[in-house]
Amino acid sequence: MKTDRDLERQLASIDRRGYPAYKGLRGTYDFGDFDLDIAHVQGDPFAAPSQLAVYVPGDVSGLPACCRDAAHRRTATEDLLVRRFSKEAAQASFKVGGSGKSGFIGTSNPGPEILARSACEIAPDGAVMLRFEAGLPAHGRTIDARAAARMLLDLIPVCVERALMLDDAGRRAAQKAAELADDQRAVRSAIRERGLVAFVADGSVLPRSSSVSAKPLAGARPFTSPESMRVTLELPHRGRVRGMGIRRGITLIVGGGYHGKSTLLKALQEGVYDHIAGDGRELVATDETAIKLRAEDGRVVHAVDISPFINNLPDGRDTRSFSTEDASGSTSQAASTVEALEAGARTLLIDEDTSATNFMVRDALMEAVVAAEHEPITPFVERVRALWERHGVSCVLVMGSSGAFFPVADSVIQMDAYEANDITERVRAVLADARLAGTYPEAPGLGVSAGKASEAGEAGETSASSSSDQDAPASRPLELGGRLERRSTGRLGRRSRARGGDGAGTARHEHLKVRGRGRDGFSVGSYDADLRLVEQLVDAEQSAALAQMVRVVLEHGLLDGMRALRDVVDEAFRVLDEQGWEALSPYGDAACGLARPRPCELFAALNRLR
């Protein structure tokens, strides 16, 4: 293996040459305490930065065994190391100048969510691999070797030493991250065991500093659970923790405007991910299959059975296999609901502010004016009980203007100046008076007496879980049509790690071109996916990973109208789990810039291809 001295000599030999001479630097260099790998060199200083990685042995990284002996701890520790290196790189970046991206040093820059990322991987023995980007310096398109030497031989080693070679303080920080991961894992386990949709710890800070910031709002009122909904969890490191447990079934979140309804729901929808300490939501956890639904005017729909919600269209179209390039609010929300069930969602999250009104409710006056036979939409309020009782799918809804969901709810939370109150009994009493006045008919949920409601809830939970598998809608095949170009056949397999090489038995072929648009979506070949309203995608790197997963699916011809979409998604994640981030690299070398999405997000991306 070449050394850092060899790299120094190579740099001196290409000073003032044309930028392509940098490509001769590719390879791995021994720096003593770590190895530096120059995997991909940019074409010119204005192109995307070069891809590099460092490898720090376990006896040098100093990672405690407790930070790497389980998958959830490794992910939390990898997240910590990425944040440490990103901070150091930001300070070293552009300390050498030049044209274009000259002098840039950077890696993933995570938000408050803890996600598995291609930027960092920890081996069981504590060895660390961290991937990053660097803009090799030039003036115009002429190499500045002195600046490159300072960046590669001085600045980057300092970043590695400070971020990845842990002193006592660094080891304590890593241990705390691993312990928080243990506690978060315990909360999620308790959610499943206790029949909960979500848990919100007392003392959590839910409001964010602004609509475009993920930072907690300074001075915000800490969350306090209503006594009637309070549960106590015993966590391995924090000990006894109390908070609000939202039981499975149908839960309404109500209250006046600006009192915190949507804030609570947003915390729940992002509670499918673990959060870092100090975020305020580190002990807010939601059923990991939960999917946030909303109207998406203009979205594409591929052969979805929306007949449970929309039927008997005036133009005679078959809604049992409904397709459109330009869905309305109601048809898009109906399609998204069915797609969520196909993806395995056990919890649906809905805010009336982002829903199609005619999909959600239809009041008595409208029913009196427009006869039922002239209305093709069966509103969600008439289906939500069946989703729970027949399919075991819970629902948490934010409602601020309509009381139509009160009779079918199991529990009601009122947000009052960001304080949560359980008003289930008060709603039950109001409904009893309304029925005497003939306003509301008898209905399940709060439509029964207090004693029977509890019994119905327990019985409903048991029967729902036992019948959900046989009643859940089957996953349908997805066929995109004649534009699909099959690039290879068979199961998704491993490619060779050698640069430019192909795995045994896999023919060399051109890959579909991928273009990312941050969290908004991506294009793969001639296909485009609009993900702007897939609200639980929290990081642009998740979208980037989805784009590569879709590329692999398309190149292997899996969307052929034969395989169920569930099988396609399962296969894509099987390959990612078995082969790692290299499986998503078109050229065999993984790079930073990818974060693991949930399977339901891959469902969403495939369903939105056009």
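Values reported hereafter were calculated over all heavy atoms of this structure, with side chains retained and with hydrogens, waters and symmetry mates removed.
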Starting at CG of Asn607, measure out to CD of Glu339 and round the result to the nearest 0.5 Å.
3.5 Å
If you take all heavy atoms of Gly260 and Tyr418, which pair is closest and at what distance?
CA-CE2, 3.6 Å
Tell me if a side-chain donor or acceptor on Arg248 pairs with a main-chain N or O of Arg346 at a distance below 3.5 Å.
no
Non-hydrogen atoms of Leu180 and His275 that approach each other most closely:
CD2-O, 3.7 Å
Just by distance, no angles: are the side chains of Thr324 and Asp326 close enough, under 3.5 Å, to form a donor-acceptor pair?
no
What heavy-atom pair brings Ile350 and Met360 nearest, and what distance separates the two atoms?
CG2-CE, 3.7 Å
Determine, stepwise, if the pair Arg230 / Thr224 fulfils side chain to side chain contact (heavy atoms under 4.5 Å, CB included).
CA-CA 9 Å; Arg230 184 166 293 153; Thr224 302; 3.6 Å; yes
Using side-chain heavy atoms (C-beta onward) and a distance below 4.5 Å, is Gln333 in contact with Ser355?
yes
Would you say the side chains of Ser401 and Glu352 form a donor-acceptor pair under 3.5 Å?
yes
Would you call Asp351 and Lys266 a salt bridge, using N to O less than 4.0 angstrom?
no
Is it the case that the side chain of Arg188 and the backbone of Thr286 share a donor-acceptor pair, with hydrogens and angles ignored and the cut-off at 3.5 Å?
yes
Please confirm whether the backbone N or O of Leu206 pairs with a side-chain atom of Ser204, one donor and one acceptor, at under 3.5 Å?
no
Might you point out which heavy atoms bring Cys66 and Gln175 nearest each other, and give the distance in Å?
SG-CG, 3.9 Å
Electrostatic pair Arg563-Asp570, nearest N-O below 4.0 angstrom
no
Enter the distance from Glu601:CD to Leu546:CG here, rounded to the nearest 0.5 Å.
7.0 Å
Less than 4.5 Å apart, any side-chain heavy atom of Arg428 and any of Phe406?
no
Test item: Thr251 and Ile413 side chains (from C-beta on) under 4.5 Å apart, heavy atoms:
yes
Distance (rounded to the nearest 0.5 Å) between Gln414 CD and Glu419 CD:
9.5 Å
Pairing residues for Phe322 by the ring pair (Phe, Tyr, Trp, His ring centres under 6.0 Å) criterion, not counting sequence neighbours
none
Stepwise side chain to side chain contact (heavy atoms under 4.5 Å, CB included) test for Leu348 and Val393:
CA-CA 7 Å; Leu348 305 179; Val393 176; 3.7 Å; yes
Is there a donor-acceptor contact under 3.5 Å linking the side chains of Asp182 and His72?
yes
Taken to the nearest 0.5 Å, the spacing of Leu558 CG from Leu606 CG works out to 9.5 Å
Whether the side chain of Asp183 engages the backbone of Leu235 through a donor-acceptor N/O pair (distance < 3.5 Å, no angle test) should be reported.
no
Examine distances only and state if a side-chain atom of Glu179 and a backbone atom of His237 form a donor-acceptor pair shorter than 3.5 Å.
no
What closest approach, in Å, do Ala295 and Gly329 show between heavy atoms, and which atom pair accounts for it?
CB-O, 3.7 Å
Quick one: do the Arg299 and Ser336 side chains pair a donor with an acceptor below 3.5 Å?
yes
Using a 3.5 Å distance criterion without hydrogens, assess whether the side chain of Arg476 forms a donor-acceptor pair with backbone atoms of Glu342.
no
So, for Asn358 and Ser330, which heavy atoms are closest and what is the spacing to 0.1 Å?
OD1-CB, 3.6 Å
Begin with the C-alpha distance, continue with both residues' side-chain angles, and end with the deciding distance and a verdict on salt bridge (Lys or Arg N to Asp or Glu O under 4.0 Å) for Asp539 and Arg117.
CA-CA 11 Å; Asp539 195 297; Arg117 297 178 185 273; 2.8 Å; yes
Roughly how far, to the nearest 0.5 Å, is CD1 of Ile377 from CG of Leu313?
8.5 Å
In terms of heavy-atom contacts, does CZ of Arg185 have more than 12 from other residues, nucleotides or ligands at under 6.0 Å?
no
Min side-chain heavy-atom separation Glu270-Pro112 under 4.5 Å
no
Any donor-acceptor N/O pair, Ser108 side chain to Pro110 backbone, under 3.5 Å:
no
Candidates Val301, Ile310, Val304, Thr319 - the one meeting side-chain contact (heavy atoms from CB on, under 4.5 Å) with Thr331:
Ile310
Gln536 side chain vs Lys292 backbone, donor-acceptor pair below 3.5 Å
yes
Apply the side-chain contact (heavy atoms from CB on, under 4.5 Å) test between Cys395 and each candidate in Val197, Val384, Leu387; give the one that qualifies.
Val384
Please step through side chain to side chain contact (heavy atoms under 4.5 Å, CB included) for the pair Leu602 and Val550, ending with a clear verdict.
CA-CA 8 Å; Leu602 181 53; Val550 169; 4.0 Å; yes
Leu115 and Asp79, any side-chain heavy atoms less than 4.5 Å apart
no
Classify the ring geometry of Phe359 against Phe309: parallel below 30°, tilted from 30° to 60°, perpendicular beyond 60°.
tilted
4.5 Å side-chain heavy-atom contact, Pro407 and Leu431:
yes
With a 4.0 Å cut-off on N to O distance, would you call Arg596 and Asp577 a salt bridge?
yes
Is there side-chain contact between Arg83 and Ile276, with heavy atoms separated by less than 4.5 Å?
yes
dist Gln548:CD -> Leu576:CG (nearest 0.5 Å) comes out at 11.5 Å
Does a donor on one side chain sit under 3.5 Å from an acceptor on the other, for Thr424 and Ser411?
no
Expected output: side-chain Ser209 to main-chain Leu217 donor-acceptor under 3.5 Å:
no
Check whether any side-chain heavy atom of Thr354 lies under 4.5 Å from a side-chain heavy atom of Leu533, and answer yes or no.
no
Using the rule given for side chain to side chain contact (heavy atoms under 4.5 Å, CB included), can you reason through Val427 versus Leu252, listing the C-alpha separation, both sets of side-chain angles and the distance that settles it, and then say yes or no?
CA-CA 11 Å; Val427 171; Leu252 300 188; over 6 Å; no
Okay, side chain of Asp410, backbone of Ile250: is any donor-acceptor separation there less than 3.5 Å?
yes
For Phe199, run the side-chain contact (heavy atoms from CB on, under 4.5 Å) check against Val284, Leu233, Leu268 and tell me which one passes.
Leu233
Under a 4.0 Å N-O cut-off, is there an ion pair linking Arg598 with Glu288?
no
